[in-house]
Amino acid sequence: MVDEVAVQFADRARPFLVATMFACVMESVALLIQAFLPDWNAIYAVVAIFLISLEAFYATRTAQRLRLSGRDRWIFRLSEWTVILLALKLGPYATRGLDALAADFAAWEADLATLFNLEFIIVLALAAFTWMESGDVARWLDDLTQPTEAGFNPYLSLSAIQSLFFVGGVLLVIAAGLTQVGLQSVLRQDRPPVGGVILNVLIYFVSGLLLLSQARMEVLHTQWRVSRVDIGAGIRSRWVGLGLATLIVVAVLALLLPTRYSVGVLDVAAGVLRALGNVGLMIGYGLNFLLFLILGLFTMLLSLFLGRSTGEAMPPPAPPVLPAAPPPTATPDWLSLLRSLLFWLVTTGILGYALAQFIGARREWWLSLAQHRSLGWLVRLLLSFWTQSKAVAVRAGVAVRQRLAQARRAIPTPPPAWLRLNSLSPRELVMYFYLSTARRAEESGLPRGRSQTAREYSERLQSTLPEGEADVTTLTEAFEAARYSAHAVGREDTARPRRSWERLRKLLRGRAPEE
Amino acid sequence: MRDFWGFLLILFVIAAFLRIDFFFYILYLFAGLAVITHWWTRRSIRGLEFRRTYQHRAFLGEVLTTRLVVRNTDWLPIPWVRIHESLPLALASPAFISRAVSLWPGESLEINYTLDCRRRGLYRLGPVNLNTGDLFGFGDTSAGENQPHYVTVYPKIVPLARLRLPSRSPFVSLPYRQRLFEDPSRVRGVRPYQMGDSPRHIHWTATAAVGELLVKQYEPAIALETLVLLNLGKESYDARWLYNASETGIVVAASILYHLAQAGQSVGLMVNGYDPLTQAAPQPLPPARGQAALMRGLDILARVEVAPAQPLLEWARRAASDLAWGSTVVLVTPTEPPDLAGLWLHLKRAGFSPVLILTQGPPNGAARQLGIPVSVIPYESEVGDLAGL
């Protein structure tokens, strides 16, 4: 029931999300156009684009539902566009008034070409683009729910939606950036950074991410339906909630990161080195102080035994003449340095990783470019460098993993006897029982060999302690499961090994060490 | 997600070029989303714990209920996870259970399903495959089960009463050997005198009372040792009858094993097929008494499959080499090859009581000529006709 409500809500919200995204892009584009045409009505264009996007979405769905084709389809589309043209032309008169409409009407009567003024042509071009793309998005979103067997490919549709979102995002960022900075000062590098929130950009990306999340959910549901997967209740409703929660958490975390730098990357590096030097100096001073403290104590003790010196103290040496101090330079305060360091670290990390992913995903491009007559050598050189670097990174990763695995494989030492068993996790508890038994067995003259596996050791214990054969088996099996398997070990899994451990403890207590 | 990293690069260039703080914020938002969802997905898959509860062994015709519990042990919710449990086709249709769910922290999902044990064998349950991912399409991850779980379905067991054999000793057709195993101090009854009976066994008091010669019947003093040799060598079978004849042979062997174990006698089993669990020839089971020995034998018979094997004669001769004198050797094989006469002679000379059960072809007469009981059981339904022994 909750899922049905979520489906209906999502289905109704999608056209509005798409229309909002188009309107957000259009706002920045319209403001940019307004920079060239100051009389242009940007608000009207944004509202028109929002409504046209909604119209195109529903019209495409209607055409699909009615299965229109051929002549019927043409009639449907032509009538749709007649209404759009009329609305676009007459829309501005809602604010300009009927007098303006009457005046313009007279002009149109005199010359029909005056119908198509620059403002109208620009709005028309933007409307046509929005209409086409909104229709495409409506189709792609519907295709997400169609199975592959029916000739649809939901993944292609998803990919198309993602591409459109990113292309739209880049367009929006360029347009919004140019609007914010101002066309006159774009190439001036001494201009200060621009702060503040750009609302339409924020709305576009949040709406887009929500739409992508919905699209992803639809693709998965289609895939599950085709694969005859039993879909549990509540996935859809939780999806929406968790998607929003994730976005909010990430948005809040991103707020904590610095978005500008006051110190250049080289100055940051110098500052960091300086800070490291200072830390080293502090450590040196600290050690020096400790040394003097010890020597002072030693001298004091010696003076107690040897008596006080009767001679007069040497006069202190004259202080050296210091060179003149250099003029003060503007050194960044530690907060600016820290912010800039964080900025450079984060951006460099993102940039490096994005670059690696981008290049790695387009290997075919580079390989085809490597065949190029004039640029081939350069691409081959870069590819070779890339391959070598990747190989080094892979080798390093393997080496690290091997080291870690070796460390994990090492025979664990038993926990100290004073620890509280209740504080151990069930897995640790089972391992403790085994290792404690092994330690007691060792004290009784049955040491476990360094290279001996738990099972080999259990055979030895069983042959020496036939009365504890079953307990040794239980304990060894439990230890192997706790130590080497990924299965969860619950409290209930510790009961049997605990009993075996207790019985074996008694057995081993009563056993004299072997000679 | 396609084009994502390219988009981030372009966004970075624009943000750096135009020096707009908010674009850096959008950059962090996307990069953070990618990092956090990646971390969350990996964490989710590690936090999933699954436990399968099931009966490891079943008899033919039983319906087993299996329970698979998947639990989110992590403190973060799992937006979606697809759980795919593979099942043996011979026991379940469809041969998988697939669920997609969302799990809150600590929430668990219980999947119950039944297995219809309609064919003997060793069947693997699972592996369970878990597939999860993020909410935006950055990537999926999956994990599977490493430890195999098996269900053993025992072969059909036909009660020996249906085989029309005496319930305590199925090999009474060899009366001249019987005295070797009888304890004269434990009389269990009398029967009419037959030619060949020892005069020392005549129950004179009963004879006088009834007026006809009656001989005493004794409890067996020494357990009869029996070794069942089941030939599952592929070379011995006609391809057309392979499945039927081999399965019948397994049912015959299981029934004899069961009957003798129930009678408290020592019984052993040797099979020259293939054990999929050990991936080798099945371990020979020397004659032993008790339930544990019976279960070991039934386990092997549940799992064993027809496979290329060493020559029957050589294998059977070696198998019987460690048996005690006087033991009974039951050979269950599809056909009676002519060179088997050598084996019969060898077994008889060694003091064993051989018995031949054929599951496919007619006997060639060699065994019967040597006085060896022979029975032909071509179908499972005819196991009840085992009357020639």
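Below, chains carry the letters A, B, ... as their sequence lines are ordered, and counting in each starts from 1.
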Item to check | residues 64-78 of chain B: residues contacting chain A (heavy atom under 4.5 Å, by number) | outcome: B:Pro77
Checklist entry - Can A:Arg427 and B:Glu49 be counted as an ion pair, charged N to O under 4.0 angstrom? => result no
Item to check | Salt bridge flag under 4.0 Å for residues A:Asp493 and B:Arg51 | outcome: yes
Next on the checklist: Checking the side chain of A:Ser213 only, and the main-chain atoms of B:Leu135 only, is there a donor and an acceptor separated by less than 3.5 Å?
Outcome noted: yes
Determine the option with the most heavy-atom pairs under 4.5 angstrom with chain A, choosing from [options].
| options | answer |
| --- | --- |
| B:Ile14, B:Leu9, B:Val101 | B:Leu9 |
| B:Leu109, B:Leu27, B:Leu33 | B:Leu33 |
| B:Val13, B:Ile97, B:Asp140, B:Thr37 | B:Asp140 |

Checklist entry - Residues two or more places apart in sequence or in another chain: which of them pass ring pair (Phe, Tyr, Trp, His ring centres under 6.0 Å) with B:Tyr258? => result none
Item to check | Under 4.5 Å from a heavy atom of chain A, the part of B:Leu103 involved | outcome: backbone
Item to check | Contact origin within B:Leu8 toward chain A - heavy atom pairs under 4.5 Å | outcome: side chain
Checklist entry - Hey, are the side chains of A:Arg216 and B:Phe136 touching, using non-hydrogen atoms and a 4.5 Å cut-off? => result no
Checklist outcome for this item: The single option from B:Ile20, B:Ile10, B:Ile26, B:Leu11 that satisfies side-chain contact (heavy atoms from CB on, under 4.5 Å) with A:Val173 is B:Leu11
Checklist entry - Can the ring centres of B:Phe7 and A:Phe205 be said to be less than 6.0 Å apart? => result yes
